[in-house]
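None of these values were measured; they are calculated from a predicted model.
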Amino acid sequence: MSVPYNHHEVEQKWQKVWDGENAFKTSDDYSKPKYYALVEFPYPSGQGLHVGHPRPYTALDIVARKRRMQGYNVLYPMGFDAFGLPTENYAIANKIHPRIVTKNNVERFKGQLHSLGYSFDWDREINTTDPEYYKWTQWIFLKLFKAGLAYKSEMPINWCTSCKVGLANEEVVNGVCERCGSEVVRKVKSQWMLKITDYAEKLIQGLDTVDYVERIKVSQKNWIGKSQGAEVDFVLSGKEDRLRIYTTRPDTLFGATYMVLSPEHPLIDKYKDEIGNWDQVVAYREMASKKSDFERTELSKEKTGVAVMGLTAVNPVNGQEIPIWISDYVLMSYGTGAIMAVPAHDERDWEFAKKFGLPIIEVVAGSPVSVEEAVYTDVASGTLCNSDFLDGLSVAQAKEKIISFLEERGIGSRKTNYKLRDWVFSRQRYWGEPIPVVFCEKCGYVPLDESELPLELPEVESYMPTDSGDSPLAAMTDWVNTVCPCCGGPGKRETDTMPQWAGSSWYFLRYTDPHNDRELASKEALNYWMPVDWYNGGMEHTTLHLLYSRFWHRFLYDQEIVNTPEPYQKRTSHGMILGSNGEKMSKSRGNVVNPDEIVRDYGADTLRTYEMFIGAFDLSAAWSEDGVKGCRRFLERVWKLQDMITEGDGYSADLETKMHQTIKKVSGDFESLKYNTAIAAMMALINEFYRKNAVTRGEYKTLLILLNPVAPHITEELWEAAGFEGRLYQASWPEYDEDKTVESTVEIAVQVNGKLRLTINIARDEEKDAVIARAKEALGDKLSGNIVKEIYVPGKIVNIVAK
RNA sequence: GCCGGUGUGUCGGAAUUGGCAGACGAGGCAGACUCAAAAUCUGUUGGUGGCAACAUCGUAUGGGUUCAAGUCCCAUCACCGGCACCA
């Protein structure tokens with residue numbers, strides 16, 4: 001009899017062996033085929049590892065281990081995205097330097113990750129707060145700056161009137177400061193911006209070349225938000241100025257019955273003296289400026305606005321004079337900050353028109369509802385009416401015709417717009433990468449020379465932002481005052497730091513050559529390893545992080561620093577692990593599960609197996625302690641198989657098909673995020689061994705290899721105990737024979753009029769006529785009436801239709 | 001409000017993408033082992049009717065397409081996630 005399964009001993013033993021043997025060190029042998037598997041590196045929070053972390057890490061650990069067994073040179077690295085707000089706030093509250101806080105948290109995370117037996121190559125660990133790392137983050141910023149993609153702009157920030165600090169959106173709760181509950185207002189500050197909008201088209205087109213889960217592509221595209229339409233100039237009655245608007249529906253121009261400007265629109269200031277109700281306009285503006293974007297959204301139900309008295313516009317196609325309104329549902333940041341309102345065919349315009357009693361003219365007939373109820377009409381359908389020379393045309397035809405009409409007269413043109421906005425790159429914070437720029441009265445903003453990098457964060461007394469809203473660095477006059485790299489005169493360093501997104505926008509490049517002190521990574525390493533073959537991360541990062549890192553990578557490609565336009569060949573997402581009550585795990589809900597306790601009580605292999613078995617990988621799943629026990633029981637049953645081993649390096653005759661089927665199933669499922677059904681297949685296989693109370697050495701060996709990526713410690717131990725050659729992690733992935741995965745006889749269902757009546761066994765390759773004849777015979781008097789149709793789906797089903 | 005996702009036994013979830021709904025696991029029930037319990041092993045387990053063979057209903061709801069629908073189409077409801085009223 002075998003000794004009982006002691007997960008503690010087994011796991012400690014093998015983790016030591018793997019460390020000692022450098023088992024998972026990535027080779028620099030560039031002649032081998034490569035595989036680069038990547039998971040999002042964690043933010044080392046003070047709470048330590050969450051049970052949500054092991055889900056994606058285990059999934060790609062499975063892929064990495066399988067690839068190694070298939071002969072690939074595998075890069076499966078790990079690091080820490082350690083700059084950020086929570087660490088800084090913790091440091092402020094506890095008067096500890098954020099560097100120390102980070103160091104402690106990283107150590108804890110590493111210990112926890114190690115206890116789970118991941119095959120990361122720790123020699124390649126990176127940390128975004130390491131000056132040797134952020135040197136290159138700063139270096140990329142300088143490249144962007146020199147390429148004209150970094151610029152300064154006035155942008156509003158959230159400003160707490162009581163704490164006198166700028167706040168992240170996350171710190172503003174219901175319009176008030178999360179910490180002190182005081183009012184938060186928008187305060188304009190000069191901020192560094194990155195021109196991601198220059199890359200909008202490239203970022204859309206790049207999606208056609210990669211293998212991302214469809215909904216991820218959709219969210220990237222929706223975020224960039226390309227739309228095609230036209231810009232049209234409306235003349236202001238009796239004025240020289242023209243009011244330019246953007247519309248995706250130029251075909252509905254005849255239905256424009258009023259205009260709406262964003263409250264901040266500059267034309268309003270220009271005609272200040274002629275506006276009859278200026279006080280009202282100012283009051284409305286003030287109200288709108290207090291609203292955050294989120295509030296504007298929340299208040300979406302009730303439209304607000306003010307008519308601008310004394311200004312009217314002329315519809316260029318029919319000469320009609322129409323009123324001008326201002327409303328905060330029109331944003332200055334999109335299009336031209338002004339719209340023509342077509343209430344008959346736009347839901348928002350319709351609501352607005354109804355509320356303020358503005359005229360509604362239907363210009364696309366065939367809307368399913370009356371004018372009273374009219375809403376936006378589908379672009380592809382409908383015929384124009386009430387539109388003079390457009391009458392009778394389809395929407396698509398009308399669009400073309402009106403654009404030509406406008407272009408001929410010089411009053412409008414075709415225009416493509418993007419929702420995407422430039423990236424606000426400044427933070428008034430301490431714990432981030434310093435922006436390597438000096439301001440000089442004479443030369444303006446001057447980049448540091450590359451040789452000056454890294455520009456390290458100086459030691460400061462206090463991490464609190466200053467009263468003026470500047471970063472804590474602004475108080476460090478010794479550091480701030482420097483010389484201009486351009487003219488040698490007096491200069492001041494930029495005191496804002498970079499956002500947390502910066503370090504994570506290129507980290508996957510650094511893993512390919514993490515200790516290089518001359519380049520961000522060598523050409524050879526980048527050419528060999530990039531692109532990342534498979535990148536998995538959370539759904540919450542499928543817009544911003546994914547887009548930002550694709551933008552930087554595409555820029556570096558244009559700079560000929562990397563050799564592929566897209567960084568990630570394949571991108572998948574995992575679902576969240578919820579508490580046992582089905583709600584998000586959080587301290588306040590009291591439903592947090594600590595992975596350390598699961599490792600202690602059941603073992604890392606059980607935790608890994610459970611997290612893979614819990615449900616469909618891309619959907620969220622609720623934690624269940626009973627489920628953990630079930631997986632532990634499965635591993636116990638695997639352990640006890642060692643007492644049933646019989647001689648024979650091959651597969652026993654009655655299980656040969658099952659073995660080949662299982663190899664095929666597990667191999668395929670590991671590639672397609674179906675870890676739960678792969679494990680189910682292995683459970684079913686061992687149930688067969690139990691039924692017979694026997695397993696041949698050959699069957700046992702195959703099972704251990706298949707299970708190894710999921711539960712690496714226990715399988716390695718059993719491999720050694722059974723006396724198989726070498727280490728299991730060095731074994732070869734088993735092959736299957738397609739011919740042997742199919743049974744020679746199959747059971748098929750026999751239906752009459754689509755209802756199951758019975759099943760029969762047939763030879764797999766039996767002809768249709770023969771199968772149907774046997775089905776009829778078996779049915780006997782269950783079959784009555786005239787046979788109308790006979791259907792045979794090979795190997796599946798017979799359906800006889802009778803009347 | 002908009003966008004995306006999900007809805008299947010008592011529970012977590014399967015279903016080769018239109019072909020025997022409920023694999024695998026959990027829980028329940030029964031049996032074996034035990035003085036007993038736990039652990040372990042074996043069997044059983046969607047509802048209704050029937051001693052049974054079997055029949056019948058059943059994948060959020062209501063329609064539809066099809067020889068055949070959890071899967072496709074239309075409408076509706078509920079829940080989860082994201083959001084920048086994007087003209």
Can you check nucleotides 55-57 of chain B for protein contacts, nitrogen or oxygen pairs under 3.5 Å, and list what you find?
{"unit_1": "C57(B)", "atom_1": "OP2", "unit_2": "Lys755(A)", "atom_2": "NZ", "d": "3.1"}

For Tyr610(A) and for Ile748(A), locate the closest nucleotide of RNA chain B by heavy-atom distance; then report the residue assigned to the nucleotide nearer the 5' terminus. Tyr610(A)

Just jot down the salt bridge (Lys or Arg N to Asp or Glu O under 4.0 Å) partners of Lys195(A), sequence neighbours excluded, or say none. none

Of all the nucleotides listed (G19(B), U42(B), A87(B)), which has the minimum atom distance to the side chain of Tyr246(A)? A87(B)

Could you work out, with salt bridge (Lys or Arg N to Asp or Glu O under 4.0 Å) as the rule, every residue matching Asp251(A), not counting sequence neighbours? Arg249(A)

Glu625(A) versus Tyr602(A), side-chain donor and acceptor atoms under 3.5 Å: yes

Taking atom CZ of Arg608(A) and atom CD1 of Ile714(A), what is their separation to the nearest 0.5 Å? 12.5 Å

Under 4.0 angstrom between Tyr334(A) side-chain N/O and A84(B) OP1 or OP2: no

Got a sec, which residues hit ring pair (Phe, Tyr, Trp, His ring centres under 6.0 Å) with Tyr610(A), two or more places apart in sequence or on another chain? Trp623(A)

I'd like to check the ring pair (Phe, Tyr, Trp, His ring centres under 6.0 Å) partners of Phe356(A); sequence neighbours left out, ordered by chain and number. Trp325(A), Phe352(A)

Provide a list of protein-nucleic acid N or O atom pairs under 3.5 angstrom, restricted to nucleotides 23-25 of chain B.
{"unit_1": "G25(B)", "atom_1": "OP1", "unit_2": "Asn687(A)", "atom_2": "ND2", "d": "3.3"}

List in chain and number order the residues that pass ring pair (Phe, Tyr, Trp, His ring centres under 6.0 Å) with Phe613(A), two or more places apart in sequence or in another chain; answer none if no residue qualifies. none

Trp223(A), nearest nucleotide to its side chain (from A84(B), G19(B), A87(B)): A84(B)

For Asn417(A) and Ser227(A), test the side chains for any donor-to-acceptor distance below 3.5 angstrom and give the result as yes or no. no

Map Lys629(A) and Lys665(A) onto RNA chain B by nearest heavy atom, then report which one ends up closer to the 5' terminus. Lys665(A)

Each nucleotide N or O in nucleotides 62-68 of chain B that has a protein N or O under 3.5 Å away: list the pair and distance.
{"unit_1": "C67(B)", "atom_1": "O2'", "unit_2": "Asn799(A)", "atom_2": "ND2", "d": "3.2"}
{"unit_1": "C67(B)", "atom_1": "O2", "unit_2": "Asn799(A)", "atom_2": "ND2", "d": "2.6"}

With both pairing distances under 3.5 angstrom for Watson-Crick or G-U wobble, and | for a partner in another strand, the correct string for RNA chain B is (((((((..(((......[....)))((((((.......))))))((((....))))..(((((..]....))))))))))))....

With sequence neighbours left out, what residues match Glu747(A) under salt bridge (Lys or Arg N to Asp or Glu O under 4.0 Å)? none

side-chain hydrogen bond (donor to acceptor under 3.5 Å, both in side chains): which pairs involve residues 668-678 of chain A, sequence neighbours left out? Lys66(A)-Glu671(A), Arg67(A)-Glu671(A), Lys665(A)-Asp669(A), Asp669(A)-Thr677(A)

I'd like to check the salt bridge (Lys or Arg N to Asp or Glu O under 4.0 Å) partners of Glu214(A); sequence neighbours left out, ordered by chain and number. none

